[in-house]
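All remarks here apply to the structure that follows.
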Protein chains: 2
Amino acid sequence: MSPLPSGLLGDLDPTSDRAVFRQIADQLREAIDRGRFREGEKLPSEAELVEHYGVSRMTVRNSFAVLQGEGLVQAEHGKGVFVRPRPPVRRLASDRFARKHREQGKSAFLVEADAVGSHPQVDSLEVKEEKAGPDISARLGSVRRVLARRRRYLLDGRPVEFATSYLPLDIARGTPIAEPNPGPGGIYARLEELGHCLDHFEEEIRARMPSPDEVRTLRLASGVPVIHLIRTAFDTEGRAVEVCDTVMAADAYVLSYQLPAT
Amino acid sequence: MSPLPSGLLGDLDPTSDRAVFRQIADQLREAIDRGRFREGEKLPSEAELVEHYGVSRMTVRNSFAVLQGEGLVQAEHGKGVFVRPRPPVRRLASDRFARKHREQGKSAFLVEADAVGSHPQVDSLEVKEEKAGPDISARLGSVRRVLARRRRYLLDGRPVEFATSYLPLDIARGTPIAEPNPGPGGIYARLEELGHCLDHFEEEIRARMPSPDEVRTLRLASGVPVIHLIRTAFDTEGRAVEVCDTVMAADAYVLSYQLPAT
DNA sequence: CTTGCCCACTCGTCTATACGAGTAGGCGTG
DNA sequence: CACGCCTACTCGTATAGACGAGTGGGCAAG
């Protein structure tokens, strides 16, 4: 095993009270920030760093764990540890549900993906009636059972978003909304056709670390949080006609909103 | 050391191909989810789990590391590992910059905190002229130098948000905006007094893991992401008059927006 | 009673070792 | 040439042991 190029990484400061694995993590982080290791590039292997710093393997692994927790690097079994590439981001504009887009007939997700030249995909569609949880029930105005539409969105094969729409049964049952494919313009177009004229949406946004389930569904690397968005659609009578619960891979999204100053 | 109450945690499945430390993490996670360990409560110590499962200490520590990465628990040196308490959240409504609030004269942050009975605090205020970075410069329309206002917000002593406002020098220099305390209603009120009638705001939202710097400034527990919000204020002439770059502890916030359906 | 020390218990850091398992490339066999 | 095996290198998992450092309670000295 050839030694590391000198100058690439510094030495440890034995007098420092900063833990050795933190010092190593600091040096690697700085090297990444300075571009000495580029996106997708392989970092020195554990064995090389053990050699370079004269520490034990667990110490090196601890420093990698720090960087993984920060979402900076990701390990690939059998290959090495790589600088995590910044994936292309999806920008969600606040007018994405404007009627003008709906009237064009294509789903917002597909239109947008085509626009940036990505290959969009929707899978694991499930449409069924079920009991509403307390939160959903409260948002929809104390309904007991709801129609739930679950689907996962992928961009160029990568899962980026997992969403569930909940609708009161008295609105959705027996309509195209209860079909796997609700038709052009999506369920908002159908709602308007059914006489529920949409007035406005409310969106609640949180960010947190994913559950193990979400890690699996969205194939998330460690150190990647999720954005949890809960949207409620209101008709012109002030009734909540839909709640959409969305979990997004945070590294794939930038949300954008316009607020009036008045 | 007394053994763990039986039934609290299960046994390992040696035939499973799931790693032992993951099995332990799974059991602890489930116990937390089921409420067997409540918020703020202490989990069994490493030594107790070593005893209970008959594994080495590193294995137990690995399982704790998993849960810490998920933001579920946090370790306190010398005391134990505790279920992370969910801190009270600040809700940011999309009308928080509406003129009607501004005209009441108090800063949005202070009003809101008082309303929920928290003790608000603003510290580490820095106001200075500096060179604009490329991103800020682009958002403000190619200005070279800007006035930067940095401050940190605390709720009941806990830092929750760190924000920097950038304003073009031709707008801010020599005005109350360049003072540490810009006066009632904040800088948006001053901007309007100076003839820059505000028209709308644009907000961009991202979520990611914090840098070590942000961990220090916001005193973040491990496994807590940050929400990164960049707001641009536009006047009625369409000019960007301010950019505000905000980093928030994600576990302290819910953002809320209203979107028109038209 | 108060002070200060000590000790037991907690997690934090580090070493050394072992084996398992995924990857990729070389090399020999067919 | 094509296939499959072998091997070297990678990270993943687990053990065992050592010492450091923060916390809090008990206990003894003052």
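Basis for what follows: all heavy atoms, side chains included, without hydrogens, waters or symmetry-related copies. Quick note on labels: first sequence line is chain A, next is B, and so on, each numbered from 1.
Take B/Tyr253 and apply the side-chain hydrogen bond (donor to acceptor under 3.5 Å, both in side chains) test, not counting sequence neighbours, and it matches B/Arg90, B/Glu161. Qualifying side chain to side chain contact (heavy atoms under 4.5 Å, CB included) partners for A/Arg38, counting only residues two or more places apart in sequence or in other chains: A/Glu41. Scanning for side chain to side chain contact (heavy atoms under 4.5 Å, CB included) contacts around B/Ser222 gives B/Gln68, with sequence neighbours left out. The side-chain hydrogen bond (donor to acceptor under 3.5 Å, both in side chains) search around B/Asp245 returns B/His228, not counting sequence neighbours. Taking B/Gln121 as the reference, nothing meets the side-chain hydrogen bond (donor to acceptor under 3.5 Å, both in side chains) condition, with sequence neighbours excluded.
Contacts with DNA chain C (heavy atom under 4.0 Å) in residues 21-31 of chain A: A/Phe21, A/Arg22, listed by number. A heavy atom lying under 4.0 Å from DNA chain C marks none of the residues of residues 214-222 of chain A.
In this structure, B/Arg29 does not pair ionically with B/Asp33, as no charged nitrogen and carboxylate oxygen lie closer than 4.0 Å.
Note that the CG atom of A/Asn181 and the CG atom of A/Leu125 stand 8.5 Å from one another [nearest 0.5 Å]. For the atom pair CG (B/Leu43) and OG (B/Ser63), the distance works out to 9.5 Å, reported to the nearest 0.5 Å.
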Using atom types as modelled, flag every donor-acceptor pair under 3.5 Å from a side chain in residues 152-159 of chain B to any protein atom, sequence neighbours excluded.
| residue | atom | partner | partner atom | Å |
| --- | --- | --- | --- | --- |
| B/Arg152 | NE | B/Asp123 | OD1 | 3.1 |
| B/Arg152 | NH1 | B/Thr217 | O | 2.7 |
| B/Arg152 | NH2 | B/Asp123 | OD2 | 2.9 |
| B/Tyr153 | OH | B/Arg151 | NE | 3.0 |
| B/Asp156 | OD1 | B/His119 | N | 2.6 |
| B/Arg158 | NH2 | B/Asp251 | OD1 | 2.8 |
| B/Arg158 | NH2 | B/Asp251 | OD2 | 3.4 |

Using atom types as modelled, flag every donor-acceptor pair under 3.5 Å from a side chain in residues 74-83 of chain B to any protein atom, sequence neighbours excluded.
| residue | atom | partner | partner atom | Å |
| --- | --- | --- | --- | --- |
| B/Glu76 | OE1 | B/Lys79 | NZ | 3.3 |

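OP1 or OP2 of C/dT10 has at least one side-chain nitrogen or oxygen of B/Ser45 nearer than 4.0 Å. At C/dT15, one or more side-chain N or O atoms of A/Thr59 fall inside 4.0 Å of OP1 or OP2 (strictly under the cut-off).
Rounded to whole Å, atom C1' of C/dG12 lies 16 Å from atom NZ of B/Lys79. Between the C1' atom of D/dG22 and the CG atom of A/Asp17 lies a distance of 15 Å, rounded to the nearest Å. Rounded to whole angstrom, the span from the CG atom of A/Leu67 across to the P atom of D/dC11 amounts to 13 Å. Distance CZ (B/Arg61) to P (C/dC14): 11 Å, rounded to an integer number of Å. Distance CD (B/Glu76) to P (C/dG12): 10 Å, rounded to an integer number of Å. One atom, CG of A/Leu49, and another, P of C/dC14, lie 15 Å apart when rounded to the nearest Å. As a whole-Å value, the separation of A/Glu51 CD from C/dA16 P is 13 Å. Between the C1' atom of D/dG22 and the CZ atom of B/Phe82 lies a distance of 12 Å, rounded to the nearest Å.
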Taking N or O atoms only and anything under 3.5 Å, show me the protein contacts with nucleotides 17-21 of chain D, one pair per line.
| residue | atom | partner | partner atom | Å |
| --- | --- | --- | --- | --- |
| D/dA18 | N6 | B/Arg57 | NH1 | 3.3 |
| D/dG20 | N2 | B/His77 | NE2 | 3.4 |
| D/dA21 | N3 | B/His77 | NE2 | 3.2 |

Please tabulate the protein-to-nucleotide N/O contacts below 3.5 Å involving nucleotides 6-8 of chain D, giving atom names and distances.
none

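In the set C/dC11, D/dG12, C/dC14, the nucleotide with an atom closest to the side chain of A/Glu46 is D/dG12.
Evaluation of the salt bridge (charged side-chain N to carboxylate O under 4.0 Å, His left out) test over residues 13-24 of chain B, restricted to residues two or more places apart or in two chains, returns B/Arg18-B/Asp26.
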Using the rule given for side-chain contact (heavy atoms from CB on, under 4.5 Å), can you reason through A/Phe21 versus A/Val55, listing the C-alpha separation, both sets of side-chain angles and the distance that settles it, and then say yes or no?
CA-CA 9 Å; A/Phe21 75 88; A/Val55 297; over 6 Å; no
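The closest side-chain heavy-atom distance from B/Glu203 to A/Ser94 is not below 4.5 Å.
A side-chain contact (heavy atoms from CB on, under 4.5 Å) with A/Arg206 is found for exactly one of A/Ile227, A/Leu229, A/Ile230, namely A/Ile230.
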